[in-house]
Amino acid sequence: MDPAFFDRPVLDVARALIGWTLLVDGVGGVIVETEAYHAGDPAAHSYAGRTVRNAAMFGPPGRAYVYRSYGLHWCLNVVGGAEEAAAVLIRALEPTDGLAAMAERRALADPRLLCAGPGRLAQALGITAALDGARLDRAPFAWRPPTGAPDLVAGPRIGITRAADEPWRVGLAGSRYLSRRFR
DNA sequence: ATGACGATGCACT
DNA sequence: GTGCATCGTCATG
């Protein structure tokens, strides 16, 4: 994965990520759902300025931003965008590699539920704050490009209250591994 | 099928 | 003290 991949408008990054295979220590799958969070977006963690938690969002593109959600879950973002302080939340994968490791971490075997949601995905791939700020072009991360041009769908982002109508959630059309259907 | 709610950490007012 | 970029379980249609 070339770091220049992330150096373009963040919605383009969110769209371009669909179909890529993301692996962490060899475990992962095909990205089927993402959300874009711009600089200046009231729903973005960077909106109120730089803090200890969101520092990675203000760093260079092509790094991970990992945060804890609702006190329980870890969520993985890719820092990107030509603007500063933007990121793409990785929301769902179609599991392809390391199914046994994912099933063990999640204590669940149904491939439809292993990585269908940002918290589930992070748990299945073993992502924690230890990876916050880490470069995405090095181990433990590895990438495989899409095999074709994926068919995309878009809709409002999930679980937010501000800028809730903006269609900045992107998915792989027809995928059975989404966190929720697109309407 | 859809909806309510509790668990749990921490940034921020 | 409040509010989350969530998930699992339990309840009802």
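Residue numbers start from 1 in every chain, and the chains themselves are labelled A, B, ... in the order their sequence lines are given, proteins ahead of strands. Bear in mind that the values here come from a model prediction, so they are computed numbers and not experimental data. What you see below is based on every heavy atom in this structure, not just the backbone, and it leaves out hydrogens, waters and symmetry mates.
In this structure, A/Leu72 atom CG and B/dT8 atom P are separated by 7 Å, rounded to whole Å. Note: CD (A/Glu33) to P (C/dA5) measures 16 Å, nearest angstrom. Rounded to whole angstrom, the span from the OH atom of A/Tyr47 across to the P atom of C/dA5 amounts to 14 Å. If you take CG of A/Asp132 and C1' of B/dC10, they are 14 Å apart, rounded to a whole angstrom. In this structure, A/Leu108 atom CG and C/dG8 atom P are separated by 7 Å, rounded to whole Å. Nucleotide C/dA5 holds its C1' atom 4 Å from the OH atom of A/Tyr37, rounded to whole Å.
For DNA chain C, the neighbouring residues in residues 161-183 of chain A, judged by any heavy atom under 4.0 Å, are A/Thr161. Applying a 4.0 Å cut-off to non-hydrogen atoms, none of the residues of residues 111-131 of chain A approaches DNA chain B. Across residues 89-103 of chain A, A/Leu89, A/Arg91 each have a non-hydrogen atom less than 4.0 Å from an atom of DNA chain C (numbered order).
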Atom pairs, protein N/O to nucleotides 11-13 of chain B N/O, distance under 3.5 Å:
from	atom 1	to	atom 2	distance (Å)
B/dC12	OP1	A/Thr51	OG1	3.3

Between the protein and nucleotides 3-5 of chain B, are there any N/O to N/O pairs under 3.5 Å, and if so, what are the atom names and distances?
none

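Pairing of B/dG3, defined by two Watson-Crick or G-U wobble distances under 3.5 Å, is identified with C/dC10.
Donor-acceptor pairing under 3.5 Å, judged by distance alone, is absent between the side chain of A/Tyr70 and the base of B/dA7.
Outside the 6.0 Å centre-distance limit, the rings of A/His45 and A/Tyr37 are not counted as a close aromatic pair.
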Side-chain donor-acceptor pairs of residues 145-163 of chain A under 3.5 Å, sequence neighbours excluded:
from	atom 1	to	atom 2	distance (Å)
A/Arg157	NH1	A/Ala36	O	3.0
A/Arg157	NH1	A/Asp41	OD2	2.6
A/Arg157	NH2	A/Asp41	OD1	3.4
A/Arg157	NH2	A/Asp41	OD2	3.4
A/Arg157	NH2	A/Ala163	O	3.3
A/Arg162	NE	A/Pro42	O	3.3
A/Arg162	NH2	A/Pro42	O	3.1

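Cation-pi contact between A/Arg169 and A/Phe182: present, with separation from the ring centre below 6.0 Å and deviation from the ring axis of at most 45°.
For A/Arg68, the listed nucleotide lying nearest its side chain is B/dG9; candidates were B/dG9, C/dT6, B/dT8.
For A/Tyr47, the OH atom counts as loosely surrounded, since its 6.0 Å shell holds 12 or fewer non-hydrogen atoms of other residues, nucleotides or ligands.
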